[in-house]
Structure formats: structure tokens, C-alpha cells
K.L.:
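One structure is given below, represented as C-alpha cells, and several questions about it will come after.
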Amino acid sequence: MTPLSAPTAPRFEHRTDGGPALGLTTVRPRLSWTVPLAPEDYRQTAYEVEIHRRDDDTERWVVESTDQVLVPWPSAPLDARESVTVRLRVRGSDWSPWSEPAQAEAGLITPTDWKARFISPVGLGGLRQPAPQLRGAIHVPGRVVKARLFATAHGLLSARLNGNPVDDTVLAPGWTSYEHRLRVRAYDVTPLIREGQNTIDVTLGNGWWRGRLGFLGQRAHYGHRLAFLGQLEVTTDDGNVHVLATDESWGARASGILMDDIYDGQTTDLRHDPAAPFDHAVEIVDADLAVLVGEDGPPMRVTETVPAQQIWRSPSGKLLIDFGQNLVGWVRLRVPASGPGEEIVVRHAEVLDAGELGVGPLRSAKATDTYYLAGTGDELLEPAFTFHGFRYAEVDGLDEIRCEDIEAIVIGSDLTRTGWFESSHEMLNQLHRNVVWGMRGNFLDVPTDCPQRDERLGWTGDIQVFSPTATYLFDTGGFLTSWLADLAAEQDASGRVPHVVPDILRSEVTTIPTAAWGDAATVVPWVLWQQTGDRGILERQFASMRTWVDHVASIAGDDLIWRGGVQYGDWLDPTAPADDPFNATSDPDVVATAHFARSADIVAQAAEALGDADAAQFYGRLAERVRAAFNAEFVAPSGRIVSDAQTVYAMALEWDLLPDARQRAAAGERLADLVRASSFRIATGFVGTPLICDALTNAGFEDLAVRLLLQTQSPSWLYPITVGATTIWERWDSLLPDGTINSNGMTSFNHYALGSVVDWVHRRVAGLAAAAPGYRAISVRPIFPSALDRCSARHRTPYGDAAVGWSRADGVVTLEVEVPVGARAEVELPGDATVTTVGHGRHRWQFVETPAEGTALHTVRDFLDDEHAWEELTRFAVDNGLVASETQLARLLAPFRDRPVAEIADAVWTRIWPSESTKAALAGLVAHYAAAASAPTRPLSAQLEDAALHV
Ligand code: BGC
């Protein structure tokens, strides 16, 4: 029998960085652990936490509980700077061995813990002046046992202690809603401090604080001055603590960074004299230390370097580099010895345009890094205070570059990867990789819309639709906790949620409540709770969630219909005119009212999870009333919904807005017909895209969902891959089928929103989903699409790794499921109505897939549903000039869907006048396929073979 192993060392809150959790400002950090191995019948009955606070102070707490995710801190709160070592063990029937210890250390908690003040240089570091550098010095009279630097800035900071970087983070302190929450990092600088004299040099960049931010050309949103706050605390072996705090004793000088801006790039003069004196004074600037907060998630770092794939001269003679991947970061370039002051310019873009660097989509962002060489030998060039979204770079000032001298540096929030997917379908795998890259490029402290043009903002609607995918792919618990705190802080008293968080647009228009965007206030915390099991998120966000819904209720008024106003609606529906992305097929009032019902329902469920029965009842009742109002206003008794678009049916079906079963069935049928009419190409925007495949699947049209997913003609998820996309695009056709850039001023090649479909791919194609918060229960419900031979998903849940993999060979499907200790899986097999529940370990089932009877094609609809028959018909119709495209044929046949298949030729006849011989040939083709239908194989009988291997 498998013995019970020691649990993993405890994790504190959502901290995922290895090593001690430093700088905690949550003084009662919750603990989580996983148990790698346990006997088959193991169920946790208790855990014991040992907290070592000081030499003579070790506490032990036994808690009778089955919980292991974010359990409460059992002891007294941590004091500022207090360092503790924590280990634990768990009990089933017997106790496990003890875990490895983990260290947690509190940071500076209240303003009174700070001796330091924000300092800013005098006469230097102005808006259009070089980046300033500050220097402080400390004499340490003894052997150093511990040193911490607590630091943050108004602007970006890059700090060096005795010439060495204080750590490997970039763009510190990141971006938060600075006026409400400014993040402090605790750096462990013990190895960098020495006995005797030490100096710390800090360079300040404009960053989000003072740089250009927003598409209206604004800058200095948070202030006109850059400033630094730093407190270095050095403990020597005699127990004394020596403190260097920012104050007027520091000096300043100009750095060699002549210009730095997130959008425009950086200009660096490498001739800058490193020995130049810090002969400018600094002064203390008034700032509220009460806004300082600790880190919830990981900082930004370099996460990968990507070598150049190809270097060549463009038609106009420019030196171009292709890194083979659209990514976010900058270029690092080694240049050979050259004369001082020689200029090297690196420009960046995501695409090529007529063989040259395609900078059009960047709009006003210059994305240009310029260097004036020192002329002292080989030089390594890279910026510090900017980042670019690019796949291609253009380098000016060099005759040639060798591949080994140039690389792309990828940066981003250093999130831990938690989700994987793989299948036998290479394009689907590429779609998944593109989604992962899209997320990496847009999770730079704030979940942004895009990383390249003059925007890069925390658009609420984008993360609202992408959050289920994001939380599967990476551990976003800390990252989104922080962003949600910003969202709540930015909400006004009436509950309005700005369209971007942090809100730098600060305009009347962009705080007008708008559906799907403002609903990030309810949806993102709800998703996070489902994915991480962190009830604290609901507790902290509940007021924000509820006031958003209250505000919407006040706009909707007595009849509970949310009409008009500023609505992005089903943004970027592919049928909307390229220059009018608001103009979707779905009626904006239907979209808005559906979101109202959904958010009210989420608040009701959140209230229930929090044990607030009154609120649960109030919002539950509200959701019911909004549903009824939605029905009365927008839904015909037949199930038709106003505007008759795919997105409105998808919302109504997925959000339970159709209580009547007949209406629901009819809405599902209608949705399927609309998919047929769009010739199996996508017809949804931001709102409908994450819902459409679930809606089709749950309505019994999983084949249509898979057909949509695997479609390669534009618009579709896979079309961009046919033209080489390595990220998800903002528009379905950011690059047009003729190879030109969709040039309407809003065309990014790195927007994650439309990638939100892979959430469905994880849950229903691979079959791995959370069935209870934090994946304590896992739902295994793959649809086993016949287009795939093999498919697998793995997710690092809070309980440990869960995995589902299935494959088919010789008519036999094998399903393998891995369940972590502490969780259970509910497995649904095709053809078997019962749900099988299994505990931790590895499980395996096999079932025989029986080919379905070749059902005859009776109606025109049947013909469309038979992929092969439809493909042949389309080919015939296009080749014979009857229609220009598949889409035209699908539209032409739409009104005849219920007619007998033999009438296809007549249906075509009503619009087009083919020759008698063509018509006869068409009729012959139809008759041939109608008789010999090529129905897909379906798993009909499931033979349970639970070979549970408990490991
Ligand atoms: C952004 C979107 C955003 C939208 C608002 C755009 O400029 O890039 O992703 O959600 O504005 O509709």
C-alpha cells in the first residue's frame, strides 16, 4: 500500500516564487499544501502547523479539518519584519512525516514602520530630461547576517548595491492604481552588503507614472516628479540593525538614459561617465505612505530569451531580424568595437508590411531604442525602462549582425505555469501555444488588451472574458487579487467600474457603466474563487461586486431592462464594419440585460458561499426578476431572441435565461442553424466567443462546435494560423486573407480575448474542469471529437496535478485520469448516463466506439451537417461558378434547411440559373451523398474498466 508522504512545504497566500516569502503585509498569511502520495483510502482528518517564531518560541497547532487550501493562519499576527519558519503535517488515520520548512517574513506594515521618505532630485530628472540617478551610502560596522531593502518609486526603479543589481526583477514596482495602492518589494540583499562602506544607486524611469499612457497622447498621469522610497535595514552579528533610509543626505546626478518611455522606447548614451559625481541635491516629496502595499503575486522578470531566426535586408535595404515569435520585451544586441557616439537604432513591429517593418498597427507608439556607443570595445545594448510587442526588429547603424549577437528578451509577470494541452491536431496545438504567448505578453502586472501600440491598458472586458482561460494556464491568484483590489479602489461610491483599471482614461465617457466590461467586477472574482478555492477573494470583493450590480439595477430601473448608454456590446463581431466595431449583429440591450442577470446571479451565489443568506436571497430574487424581464422583452414564445444572432442565443443558453425547456431547445436549434448559415465560420465578438462552443455542446450540437473550432477559413480561430500567427489577434482578420494588414487604426496582433475559446477546449475537448471551487471536485467530461485521435490536458490545481488524457485506436477509446490527493473526480462517459466518482490516483477506462449507422440525409440541414457531403457540394458549386464562396452557398440554402435534400438543386435554381446539365449534375451529386451518408463514428457503448492505480 502507498504510504502517506509528507505534505509539500506550506505556501503563503498566493506567493509562488521559490524561497522565502518576503515582505508580507498580510500579517495572517493563509497556508496551502499538497500531499504527493497517500494510500487509497486516505482522507485528511486534521493538520498540524508548527510555527517557529524565535529561538525559544515554537508553537504547534492541531486543527481538525479536511481543508488544505488557504487555511487560516492559526497563530498571532506577524509583526513588521518578523520572520517565521513554518512546517506542517497531515493526518488521515495516522500522522504523515513533517513537511520541509518554509520561511515567511513580514515587511513594513504601517507608515510608522518607515523611516524613509520619498526623495526626488532637485534640478534634474524633469519630464524631458535624462533619467535621474540617486545615491545613498551606509557604513556597516560588523559582519552582516541579514539585509533587506524595502523599496518603491513614483516611476520605475532600477537599483544597484555596490554595483550589483539588487535582484532579477524588471520594471519595478510594476503598475497598480498608484493613487490608491503603490507596491513595495522587499529585496533580500544580504549577499550584496559588506562590512564597511556600501553604496546604493537607483535610476528612475518614467514608466506608467509619468510616461506617455493612453491613446490620447497624455503623459504624467500620476505626477510630474519621479521619486524613490527606500529603506535598507542591515542586521550585523551583534544583533544591531543599521538603517539607510532615503532622506536629504542622498545625492543625485543625470544618468545616460536620455529618454525613456513605455510606448516610445529608450535612448541611451553609453558615453555617460560612471564616475560622474552625485552632486545634485535631493528633496523630500510629500507622499502618502498609507497607500503602500505588499506584493500579492510575482514580480516581472525576464522569462525567456529567443534567438534570432533570420536576418536579411528588406527591399529598401533595411537590416531586419525575425525572432519567429510575436513576443513582449526588448532586443539585446552585442555590437563590435566602434567609435564613441556612433548611433544604433532598433525599431520593433509585430508584422512586416510589403517586406518592410510594419509599424502602422503601433499607431503613435515609436517603439524605438536608440544607443550612442561608448566606443570602449564590444558593447551590450538593452533598455531598462520600456518594452515592446514585436516579432521583427529593424537595426540601423550596423552593416551586419550575426545571429549569435542578437536575441529577444521576453519579459512579463513571472507567473507559474499551471495548465497544458496537447492533441493530435497540430493546428489546434498551435492555437493553444498562441493563447499562452498572448497571455504572457499581456500579463505585465496588469492584464492588458495589447502590448504594442499606444494603449496597453487594463481593459476590463478583455480580462472578463479571458479569466477562465488565464486561471487555467498560469497561477494568477496573486496577480488578479492585486488587480481586483485596484478595480475595487477605482470604483466610485455609486458602484461604477471604469472601462480600464488602473483608470488612466479618467473621462466621463469611460466610467459610464458598460456591460461585459464593468461585469469584470463580478465575473473575475467569481472565476478566481472557482479556480483557486480562495473564498477570501469573494470576501474582499463582495462590496465591489454588489455595488456594481446595484448600480446596473439603478440604471435599468423598474422594468429591469438595461437599455442604451455606452455599450461596447459584442465588440468586434466579424460582421461589424471594420471601422465600427461597436456595430455587432447582437442587440446591445439584449447583451447588457443578459449581463445584468448573470452578474446578479453571481452576486447571489457569492453571498451564499460567504454565508450571507439575506444577500443571497435578495440577489437571487433580482436575478430571477431580470431573467423574467429579459424573457418578456426579448424572447418570443418560440424561443427566437431579438436580433437573432449567435451571441444572444449563446448568452441565453449558457446563463440560464430561458427557463422554459421548449424555448431552450428551440434556441439551441436556432443557434445551430445560425452556425450553419455562417458556413461554420465564427460570427461572434468578445462576448459570444467564450460562450459559443459551450452553448452548442450543451444544446447537443458538439459536432458543430468542433467544426467551428477547427475551421480554417476566415473568420475562424485557425485562420490566423494558416498565415503564420504566433499569438491571438485582436480581430478575426487582423491580417487580411490577401496578406495585407487590416489598416483601420485598431489592429493588434496580440490580444488575448478571442483566445478565450481554449477554456472550452480544456473543459470539453480534453475534458478537465473544476466541479467545485479550487478543483476539490474535478469534472471529467470530454466530448471525444472524431477529428482528434488523441488529446490531453494537465492542470496544477491547488491540490496538485490533475490530468485527463484520451486516445482512440482501432475503434477503442482509452481515457486516463489523474486525481491529486484531497480531490475527487466525477467522470462521465459517453453512452453512460451515470457519473462515476473516483478518488485520488490514476484511473483508466476503455470503451468500444461503434460506428453509428449511416443515417440517410433527409433534409438540406442534414446535408450541411455531413462535412464530407457539404464539402463536395461546395466544391461543385464554386467550381461551376454557381456561387463565389461556401458562405454564399450556406446563406442561399438557409431558408431551405427543412426541405428534403433533393430540393437543393431547386433551391439553387431559385437564385441562380445554372444550365440544365449543371443542374442535373448537381442533383446527381446530392442524390449520391443522400444515399451514402458518411455519418461520423460515435462512441455508443462504454465499457467501464476502472484500473485504478493509486500512487
Ligand atoms: C481595446 C480593447 C478594448 C476596447 C474597448 C480597444 O481599444 O484594445 O481590447 O476592450 O478598446 O472596447
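Both ligands and their constituent atoms are indexed starting at 1 by order of listing.
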K.L.:
Decide, yes or no, whether a salt bridge links Arg417 with Asp475 under the criterion of side-chain N to carboxylate O below 4.0 Å.
P.N.:
no
K.L.:
Can you classify the ring geometry of Phe749 versus Trp729 as parallel (below 30°), tilted (30 to 60°) or perpendicular (above 60°)?
P.N.:
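Taking Trp729 first and then Phe749, their aromatic rings stand perpendicular (interplane angle over 60°).
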K.L.:
Tell me whether Gln464 reaches ligand 1 (any heavy atom closer than 4.0 angstrom to a ligand atom).
P.N.:
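It does not; every heavy atom stays at 4.0 Å or beyond.
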K.L.:
Has the side chain of Asn326 got a donor or acceptor atom that lies under 3.5 Å from a matching backbone atom of Thr726?
P.N.:
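Pair absent, no side-chain N/O of Asn326 close to backbone of Thr726.
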K.L.:
Where's the contact between Phe215 and ligand 1, heavy-atom distance under 4.0 Å: side chain, backbone, both or neither?
P.N.:
neither
K.L.:
Heavy atoms only, cut-off 4.0 Å: how does Glu455 contact ligand 1, side chain, backbone, both, or neither?
P.N.:
side chain
K.L.:
Suppose I only count heavy atoms of Asp462 and a 4.0 Å limit; which atoms of ligand 1 are within that range?
P.N.:
2 (C), 3 (C), 9 (O), 10 (O)
K.L.:
Out of all atoms in ligand 1, which are within 4.0 Å of some heavy atom of His751? Include the element for each.
P.N.:
1 (C), 2 (C), 8 (O), 9 (O)
K.L.:
Tyr619 ring centre to Arg598 NZ or CZ under 6.0 Å, with the angle to the axis within 45°?
P.N.:
no
K.L.:
Counting only heavy atoms closer than 4.0 Å, does ligand 1 sit against the backbone of Arg456, its side chain, both, or neither?
P.N.:
neither
K.L.:
Minimum heavy-atom separation for Pro690 to Val465, with atom names?
P.N.:
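Heavy atoms of Pro690 and Val465 come nearest at CG-CB, 3.8 Å.
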K.L.:
When you measure from atom 1 (C) of ligand 1 to every protein heavy atom, which one gives the shortest distance, and what is it?
P.N.:
Asp449 OD2, 3.3 Å
K.L.:
Only heavy atoms of Glu730, strictly under 4.0 Å: list the atoms of ligand 1 that pass.
P.N.:
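Taking each heavy atom of Glu730 in turn, ligand 1 has 8 (O) under 4.0 Å.
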K.L.:
Mark yes or no: Arg440 above the aromatic ring of Trp437, with NZ or CZ under 6.0 Å from the six-membered ring centre and no more than 45 degrees from the axis.
P.N.:
yes
K.L.:
Report yes or no: does a heavy atom of Phe582 sit under 4.0 Å from some atom of ligand 1?
P.N.:
no
K.L.:
Checking Arg391 against Phe323: charged group under 6.0 Å from the ring centre and within 45 degrees of the axis?
P.N.:
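Negative - Arg391 is either too far from the ring of Phe323 or too far off its axis.
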